[in-house]
Amino acid sequence: MNYFLNFINSDAHFSYVFSSYCIVFLILLLIFMFSLIKTKKLEKEYTVLSKNEEKK
Amino acid sequence: MVLEIISVYFYRNKKLIFDNFNLKLKKSQIMILIGSNGAGKSTLFDIIVGILEPNNGIIKLDNIMIEELSAKKRKMFTYLPHKDSLKDNLTIEENLISWINISGNILNKDQINRSLEYYQLSELKKKFVANLSQGQRKKVLLTKLILAKTKLWLLDEPFNGLDADSIKKTKKLIENHAKNGGSTLLSNHLDLSIKNSKKIFLQPIKKSRDIVKFETWDDIR
Amino acid sequence: MIFKFANPLKFQRFTKQIQPFALSLSIIFLFFGLFFGFFRSPPDYLQGETVRIMYIHVPCAWFSLMIYSVIAMCSIFSIAFKHTLADIISRSCAPIGACFTLATLVTGSIWGKPTWGTWWVWDARLTSELILLIFYISLIIINNAYENKEKGDRYAAILAIIGIINLPIIKWSVDWWSTLHQPASISKLSSPSIDNSMLVPLFIMTFSLFFFFISVLLLRIRGEIIQRKIDVIKFSHVR
Amino acid sequence: MKSDFYILMSREISIGIKNFFVLYTFASFFIISILIFVFAIGSDLIAKNNIYEPIIWVLLIFSVMLVSENFVSNDCNDGSLKELQFLGYNEELIILCKSITMWIMILLPMIALMPIVSIFFKIDYVDIFYLFINFLFATPSLVLLSLVSSLFSMQLKRNKIIQFIIILPFYIPIIIFTSSSKKFALENNLYNNNFLILIGIFFITLPLCLYTSRLIMKEINK
């Protein structure tokens, strides 16, 4: 437990480690969000298209 | 059997162009493919010649599969595609000479001059191809037929851009080629008739896949 | 071939089930990794706390190379067997690979600041990572350069094949070049002598990133399949 | 019966000689960009810490890339590339003959340009000899790579710039081993075996570029 404590108050290196983790999680979140939104949009479009395919 | 096309299927960017297409070309027979542009005439020629592989189907030249014969192809057919492969910065004569070297025949100068007279191109011999009209370029392309000593002729729309007189000349050329045992397959977008020739009408495939069922991976290619 | 009988519909349902499962697995492993990384492992005597960046930097570097080998295998498969699933996998892998290399570069330069004092150092591994990023970007560009998706896939596969053979040469020549330019820099970035207390979070983080990669990949594959179905429907209307 | 290689080579050379204009673009681009560098850096600075070699190599790479475009494009647009294919010549041979003619046509202006460049940069004669040997071994792989990149851009209607972005990472090993030979001669004995590495790189890029251009040429007709 004390590893984490003196990690918190090691003021010199804390900002570097913390920022690097935040940036990596940001990048991974971005790629996840983009592909999620893209797939959802495509699914909606596909259901619309296949609906009026059946009508024809 | 000079040329045989057996059950060819071909997709081009998600559209079905040939659906179980069959064709048989016998010796000294003329066959005309008539179809609107975009019906896949030049695609068919590309498939016959072996540049495009059909999705499935077999093409046979003199009962040999097209994949097997690689260098011998030159001797078996002459294919004049839609785009004339003439170099702009060369004169007519140089173009013909370079074509003769590529297609593997050996001809001397006066044979070339005699062949140029057929379409009255002999006085344009020294002109560069760049400043020739579209019709004259087509005539230069057709003089290749006179020089070629091959059995099978594959002509992709030989008549467009030609005036009436040279259309008659080309027809006469094709007819006496058929007389001495050669066979030709030519395509045209207008309906025309050559003596004892067989006509095939190519319609673009109307059968669109209404309810699109995606069974195999090729459906979404 | 294993993919022959799995048609798009079955494959789509398969990805729909696996994807959330993989995502939850990756989040669980992430918590374990962070716990072991920050609570159980000691700081390094030489670099202090910044060694904890290694737990995220090294897995990302491994994955940027692993994803490129996935793309390379899929492009060979697609050139040899002309199977659309291989094209779809390699098309959806490229952006994820680019993000992992970007993450490696950023964490590498952040890690370099305390150890070397400057943000960017022309160290051998960082430069070859930068070249890998440029290569990923050119793969993505060529994938979307053509309106006809199939042509884009084919040219991207050809570029990937050129890359398979040239990237090791580039890596080797960059290493040789950087040893000439900076003979002095003892590459501190190399992970120090790892005792097992540091090894455990490293592997757990690798597993979490692996499952994250799988889930995003399956998501993008499903999107690609649906995109191609839409194109086919749109094209079949055009007479 | 003349062999395929002889036929193709004679065709390529006869066509290459006809459009001599290509050599003027190559030579003029090379000279003008050298002038730009001299004005930018100043000739005494170049002569002092002799960075003339990297400058020459970077300019050579860009001029080869520019010139390779019109070697392939007028053949492909007027259909003679397709004609060669359906006449039964396999694609590797076509590309091999094109690269050989391009290499020869690039060699001629370089022989003329070398003395001029040496006067510009006040290089002594020993280095010119090594520069030229380096040049002989590196340009074949440069030519092959730029041909592949111009084939890539044949199909692109909109943005032709992609061909430069794609192919640049593959020039890195060549530029590393050519422009560093003179500078690090003293520190290590890599001086004389840089040529061997360049030959090695050439023997890797030769089959690779021939195979990929075969794949591309099959794709162009689709």
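Throughout, a chain's letter reflects where its sequence line sits, starting with A, and its residues are numbered from 1. Note: hydrogens, waters and symmetry copies are ignored here, and every other heavy atom, side chains too, is used.
More than 12 heavy atoms of other residues, nucleotides or ligands sit less than 6.0 Å from atom CZ of D:Phe164. By the neighbour-count criterion of 12 heavy atoms within 6.0 Å, atom CZ of C:Phe207 is sparsely surrounded, having that number or fewer from other residues, nucleotides or ligands. Within 6.0 Å of CZ on C:Phe210 lie no more than 12 heavy atoms contributed by other residues, nucleotides or ligands. Crowding of D:Phe132 atom CZ: a count of heavy atoms from other residues, nucleotides or ligands under 6.0 Å exceeding 12.
Looking at D:Leu151, neither its backbone nor its side chain comes within 4.5 Å of chain C, counting heavy atoms on both sides. Only the side chain of C:Ile142 comes within less than 4.5 Å of a heavy atom of chain D; its backbone N, CA, C and O stay farther away. The parts of D:Ile166 that come within reach of chain C are both its backbone and its side chain, each placing non-hydrogen atoms under 4.5 angstrom from that chain. Of the two parts of C:Ile79, only the side chain, counted from C-beta on, holds a non-hydrogen atom closer than 4.5 Å to a non-hydrogen atom of chain D.
Across C:Arg154 and D:Glu219, no two heavy atoms sit closer than the pair NH1-OE2, 3.0 Å. Of all heavy-atom pairs between D:Pro169 and C:Ile170, the closest is O-CD1, 3.1 Å. Heavy-atom minimum distance, D:Ile176 versus C:Ser173: CD1-O, 3.8 Å.
With respect to chain D, the highest number of heavy-atom pairs below 4.5 Å among C:Leu159, C:Ile161, C:Leu167 belongs to C:Leu159. Chosen from C:Ile134, C:Asn148, C:Ile165, the residue pairing most often with chain D at heavy-atom distances under 4.5 Å is C:Ile165.
Distance OG/C:Ser138 to CZ/D:Phe170: 6.5 Å, rounded to 0.5 Å. If you take NZ on C:Lys151 and CD1 on D:Ile220, they are separated by 8.5 Å, rounding to the nearest 0.5 Å. Considering CD1 of C:Ile162 and CG of D:Leu145, their distance stands at 7.5 Å, rounded to 0.5 Å.
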I'd like a table of donor-acceptor pairs (distance under 3.5 Å, sequence neighbours excluded) in which one partner is a side-chain atom from residues 220-227 of chain C, with atom names and distances.
{"from": "C:Arg222", "atom 1": "NE", "to": "A:Glu43", "atom 2": "OE2", "distance (Å)": "3.2"}
{"from": "C:Arg222", "atom 1": "NH2", "to": "A:Glu43", "atom 2": "OE2", "distance (Å)": "3.1"}
{"from": "C:Gln227", "atom 1": "NE2", "to": "C:Asp231", "atom 2": "OD1", "distance (Å)": "3.4"}

For residues 69-78 of chain C, please give each side-chain donor-acceptor pair under 3.5 Å, one per line with the distance, not counting sequence neighbours.
{"from": "C:Ser69", "atom 1": "OG", "to": "C:Met66", "atom 2": "O", "distance (Å)": "2.5"}
{"from": "C:Ser75", "atom 1": "OG", "to": "C:Ile71", "atom 2": "O", "distance (Å)": "3.1"}
{"from": "C:Ser75", "atom 1": "OG", "to": "C:Ala72", "atom 2": "O", "distance (Å)": "2.7"}
{"from": "C:Ser78", "atom 1": "OG", "to": "C:Ser75", "atom 2": "O", "distance (Å)": "3.3"}
{"from": "C:Ser78", "atom 1": "OG", "to": "C:Asp87", "atom 2": "OD1", "distance (Å)": "2.9"}

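For C:Tyr68, the ring-ring contact (aromatic ring centres under 6.0 Å, His included) criterion is met by C:Phe135, not counting sequence neighbours.
For C:Trp177 and D:Phe177, the ring centers are positioned 6.0 Å apart or more.
For residues 206-218 of chain D, the interface with chain C (any heavy-atom pair closer than 4.5 Å) comprises D:Leu208, D:Tyr211, D:Thr212, D:Leu215, D:Ile216, sorted by residue number.
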